[in-house]
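Working notes, beginning with the structure itself.
On a predicted model such as this, the values are computed, not experimentally measured, just so you know.
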Amino acid sequence: MDRETGDLETIIGGPGGAARPQPSPDGRQIAFVRRVRNKSVLFVYDIETGAERPVYDDLSPDQQETWAIFGVYPNFQWLPDGSAVVLWAKGGLHRVDMATGQSTEIPFSVDVELDVTEAVRSQQEAAPDRFTVRMMRDMATSPDGRTIVFHAVGYLWKMAWPDGEIMRLTNQSDHFEYEPSFSPDGQTIVYTSFNDDEYGSIRSITLDGGESRTVTQEPGHYFTPRFSPDGGQIVFDRESGNGLRGPLYGVETGLYIMDARGRDLTKIRDGGDEPRFSADGERVMFQTGGGLDKQYRSVDIHGGDLRTHFTMKYATSVVPSPDGKWIAFTDAFNVFVAPFPMTGGEIEISKEMTAIPVTRVSRDAGTELQWVDNNRALRWMIGPEVYTRRLDEAFDFLPNANADLPKPDSVGVMIGMALPFDAPPSTTALVGARIITMNGDEVIENGTVIVEGNRVLAVGDRTRVTPPAGANVIDVTGATIMPGIVDVHAHGGHFFGGPLPHANWYHYANLTYGVT
């Protein structure tokens, strides 16, 4: 690099890369690391002739294929006379002669005092009858604040707030259910669904439950349906498919409006996320962009008169209050609230803005932001806990506010949902397999495994373990049975938003390779 002009010139490259360069003291050579097949090798480059020569091939593996923010190999240095380099490899320091490639270990010892903390362990019950549900999302609160509806384990559930019984909103199992939203009168809920064969739809159902009604006329990938203030229309987002749900029915994406019965469908624009009606029902608010270049905008219900209200770098999930006077947003995962200024121009919103007052209301994080108590309070959730903060607890200039405002909450209201574990109502005996057990290195060449429900009852030699009466006996002679593998670093297809398929091919692929 020319330090005056900034121009760059590649000196060494090619197959295997070139990393961690170190010029020799006389400036005539450059030592560097290159990948040769599956080995990392120390090379030397002659600046005058351009010749490259491998010197030492017993390095530790470099990190060219990883996010190596500190370099792909530890730094090293020439000796002052240029005869050798001192480098790290395989847990030790070595002196490598640059003419012969001969390596000599450099012994060293270090006196170190380390505070060793006892590992955190918690007792886990094997295959209990019930489990606590900790992953909730898509929460909606009724206009009167007396009911919440949320998504968990694939379906929508309703609960009289804050300590009522938790019940399914529907009684079907044909499709998964997501993203509920109440009608203004609180009697109807509109939501999205997904089925692997029929794809997605928008449906509506009364709060009392019963049969849902499909509102959309054709399959698709539907998101965030919401009623207009008078309950007569629904705005929603239609998006393309992805590598998890599949590509079909992913055309004609954009923001749409239809009446509450699914008629008079109108596309109002090509892009946008999280659409919702303005307080007067005359405009549609939505978010665009991504990364550090996001905008919160609105158009009229015909798609015209585009206005940009906010620009954002780190702020996400902007949720205006239904009366249009406040905004809530997340920034660095936490929840903030501020007045919604009507300036006729753009304002950059962030947790650090000073043009308008902004207050942090969450201590740790927050999702599913929503307004309750007639726009006087904000509600959000983290997993199974629900938090609520009144505006007069956030801003001291509001009526009835105390001068000493409370700090953000650290404990919310626990939903407290527990469900039965899925367990087949039968006993199965797998007979004749070679069984790799968890008893040291023990391998049973001709064994039997008996499973009742979701518990392994017995593992042993076929001559000593007899299938119980009524068991489903499966001859697995020639097969090998082993404990399931645990993948401690897995990407299970969690990079997609919205609905999930019933048959998740990520999980099927893991199971095929024995990862349970």
Side-chain angles (χ1 to χ4, degrees), residues 137-151 156-158 161 169-170 177-193 200-217 220 222-239 254-269 272-287 296-303 317-328 340 368-375 378-379 498-499:
R137 62 170 175 160
D138 301 347
M139 180 179 65
T141 302
S142 61
D144 61 10
R146 297 179 179 178
T147 306
I148 65 169
V149 176
F150 59 89
H151 168 99
L156 295 182
W157 305 77
K158 60 182 178 180
W161 187 252
L169 183 64
T170 69
E177 304 163 344
Y178 302 91
E179 298 183 317
S181 182
F182 279 89
S183 60
D185 62 8
Q187 299 303 308
T188 304
I189 295 170
V190 64
Y191 65 96
T192 62
S193 68
S201 64
I202 294 177
R203 299 170 182 256
S204 68
I205 191 171
T206 63
L207 182 59
D208 294 335
E211 285 291 323
S212 66
R213 181 175 61 85
T214 302
V215 181
T216 46
Q217 305 299 316
Y222 295 103
F223 294 80
T224 58
R226 295 187 177 99
F227 283 102
S228 59
D230 63 4
Q233 293 179 301
I234 296 172
V235 64
F236 62 91
D237 176 19
R238 183 172 184 176
E239 298 187 6
L255 303 186
Y256 288 79
I257 291 179
M258 61 184 172
D259 72 14
R261 300 186 63 85
R263 300 170 301 193
D264 300 329
L265 180 68
T266 302
K267 182 178 180 179
I268 60 173
R269 64 172 283 115
D273 301 303
E274 295 282 340
R276 65 185 75 233
F277 284 94
S278 61
D280 59 8
E282 296 298 321
R283 301 186 66 80
V284 173
M285 321 287 289
F286 57 92
Q287 187 168 314
Y296 198 73
R297 293 172 162 168
S298 70
V299 292
D300 62 35
I301 58 174
H302 305 292
S317 303
V318 176
V319 180
S321 59
D323 63 4
K325 296 180 179 180
W326 300 89
I327 56 167
F340 194 144
E368 318 303 333
L369 279 58
Q370 54 201 264
W371 293 90
V372 297
D373 191 19
N374 197 25
N375 306 296
L378 186 67
R379 180 169 291 168

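The residue from I205, V215, D138 that alone fulfils the side chain to side chain contact (heavy atoms under 4.5 Å, CB included) condition with Y191 is I205. With R226 as the fixed residue, the side-chain hydrogen bond (donor to acceptor under 3.5 Å, both in side chains) test singles out one of Q233, E179, E274: E274.
Scanning all heavy atoms of the two residues, the minimum distance from L265 to F236 falls at CD1-CZ, 3.7 Å. Between V299 and R269, the closest heavy-atom pair is CG1-NH1, 4.4 Å. Contact between P275 and V284 at its shortest, heavy atoms only, is CB-CG1, 4.0 Å. Heavy-atom minimum distance, S181 versus P225: CB-O, 3.3 Å. In terms of heavy atoms, G272 sits closest to L255 at O-CD2, 3.4 Å. Q287 and S317 get closest at one heavy-atom pair: OE1-N, 3.8 Å.
Distance check: I257 CD1 to H302 NE2 gives 8.5 Å after rounding to the nearest 0.5 Å. Put simply, OG on S204 and CZ on R213 are 4.0 Å apart, with the number rounded to the nearest 0.5 Å. Here the CG-CD distance, from D300 to E282, works out to 9.0 Å after rounding to the nearest 0.5 Å. Annotation: the span from W371 atom CH2 to I327 atom CD1 amounts to 8.5 Å, rounded to 0.5 Å. Separation of atoms CG (L169) and CD (E177) is listed at 6.5 Å; rounding is to 0.5 Å.
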Subject >> Verdict with reasoning, S142 to D144, per side chain to side chain donor-acceptor pair (under 3.5 Å) >> reply: CA-CA 5 Å; S142 61; D144 61 10; 2.6 Å; yes
**OP:** Carefully, step by step, assess F286 and V235 under the rule side-chain contact (heavy atoms from CB on, under 4.5 Å).
**Re:** CA-CA 11 Å; F286 57 92; V235 64; over 6 Å; no
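For the pair Q370 and F182, the minimum side-chain heavy-atom distance is 4.5 Å or more. Using a 4.5 Å heavy-atom threshold, the side chains of D237 and D273 count as touching. Inter-residue side-chain proximity for I148 and R379 is flagged as met; some heavy-atom pair is nearer than 4.5 Å. Taking 4.5 Å as the limit, every side-chain heavy atom of S321 sits out of range of all side-chain heavy atoms of F340. Side-chain contact between N375 and K325 is absent, with no heavy-atom pair separated by less than 4.5 Å.
Among residues two or more places apart in sequence or in another chain, the ring-ring contact (aromatic ring centres under 6.0 Å, His included) test is passed with Y178 by H151. Under the rule for a side chain to side chain contact (heavy atoms under 4.5 Å, CB included), the partners of T216 that lie at least two apart in sequence or sit in another chain are S201, I202, T214, Y222, M258.
Heavy-atom neighbours of R261 CZ from other residues, nucleotides or ligands within 6.0 Å: at or below the threshold of 12. The environment of NZ in K267 is crowded: more than 12 heavy-atom neighbours from other residues, nucleotides or ligands sit within 6.0 Å. Taking a 6.0 Å sphere around CZ of R137, one finds it holds more than 12 heavy atoms contributed by other residues, nucleotides or ligands.
With hydrogens and angles disregarded, a donor-acceptor distance shorter than 3.5 Å links the side chain of K158 to the backbone of L207.
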